[in-house]
Amino acid sequence: AGVQFEQIISIFLENAYKYTNKGEIIVNVKINDNSMKCSVTDTGIGISNRHKNKIFDRFTRSKKNKKSGLGIGLYIAKELTIKLNGNIKVKDNPKQKGSVFIIELPVYKKIPKSI
């Protein structure tokens, strides 16, 4: 599960970097007894509401996108998240232009071995 989580975060960070010409990229992780929530917030070009419904589809790219790529990264992130029994979503950056990509994954605690 750790490798898949790293792949998802890597995809989020690569996209944030690609679409943020100036500003900031913030990674936030919150863990509780049942889940882990990780978000990547950027101050990039943002995503239209109409396009947010399709952003996790295979080979989907924004019309605003002038960058290279196949449009498959977020699809892979979605598939990995589903495989890990998690949730994935995107929303607008509430403070300024840009996007917030969020995954929430269940936390499975290991039971310590008795000595």
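Every value quoted in this text rests on a predicted model; they were computed, and no experiment measured them.
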Next item on the list: Give, for atom CE of M36 and atom NZ of K30, the distance between the pair rounded to the nearest 0.5 Å.
Entry: 14.0 Å
Notebook entry, point to check: Looking at OG of S99 and CD1 of I55, how far apart are the two atoms once the value is rounded to the nearest 0.5 Å?
Noted result: 7.5 Å
Margin query: Starting from I102 and following side-chain heavy-atom contacts under 4.5 Å between hydrophobic residues (I, L, V, M, F, W, Y), which residues can be reached?
Written below: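 I102 clusters with V100.
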In one Ile/Leu/Val/Met/Phe/Trp/Tyr side-chain cluster, 4.5 Å: [X], [Y]:
X	Y	answer
V40	Y17	yes
F5	I26	no
I8	V27	yes

Check: Under 4.5 Å between any side-chain heavy atoms of V90 and L74, yes or no?
Finding: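 SC-SC contact between V90 and L74 ruled out.
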Next item on the list: Flag the pair Y19 / I47 as yes when at least one side-chain heavy-atom distance between them is below 4.5 Å, and no otherwise.
Entry: no
Item checked: Option passing side-chain contact (heavy atoms from CB on, under 4.5 Å) with I88 (candidates L80, I103, L105) ->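 The side-chain contact (heavy atoms from CB on, under 4.5 Å) with I88 is passed solely by I103 among L80, I103, L105.
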Note to self: My understanding is that only one of N15, I9, I11 makes a side-chain contact (heavy atoms from CB on, under 4.5 Å) with L13; could you say which?
What the structure shows: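 Looking at N15, I9, I11, the match for L13 under the side-chain contact (heavy atoms from CB on, under 4.5 Å) is I9.
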Margin query: Does anything in residues 84-104 form a ring pair (Phe, Tyr, Trp, His ring centres under 6.0 Å)? List the pairs, not counting sequence neighbours.
Written below: F12-F101
Notebook entry, point to check: Which pairs, with at least one residue in residues 72-88 and sequence neighbours excluded, count as a side-chain hydrogen bond (donor to acceptor under 3.5 Å, both in side chains)?
Noted result: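 Every candidate side-chain hydrogen bond (donor to acceptor under 3.5 Å, both in side chains) pair involving residues 72-88 fails, so no pair, neighbours aside, qualifies.
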Item checked: Partner residues of N32 under the side chain to side chain contact (heavy atoms under 4.5 Å, CB included) criterion, sequence neighbours left out ->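 Testing N32 for side chain to side chain contact (heavy atoms under 4.5 Å, CB included), a comparison that skips the adjacent residues, returns N34, S35.
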Checklist line | Contacts of T20 that satisfy side chain to side chain contact (heavy atoms under 4.5 Å, CB included) - sequence neighbours left out | finding: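 Partners of T20 under the side chain to side chain contact (heavy atoms under 4.5 Å, CB included) test: I25, D42, T43.
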Checklist line | E14: side-chain hydrogen bond (donor to acceptor under 3.5 Å, both in side chains) partners, not counting sequence neighbours | finding: S10
Item checked: Under the salt bridge (Lys or Arg N to Asp or Glu O under 4.0 Å) test, residues paired with K52 that sit two or more places apart ->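 Salt bridge (Lys or Arg N to Asp or Glu O under 4.0 Å) check on K52 returns D92.
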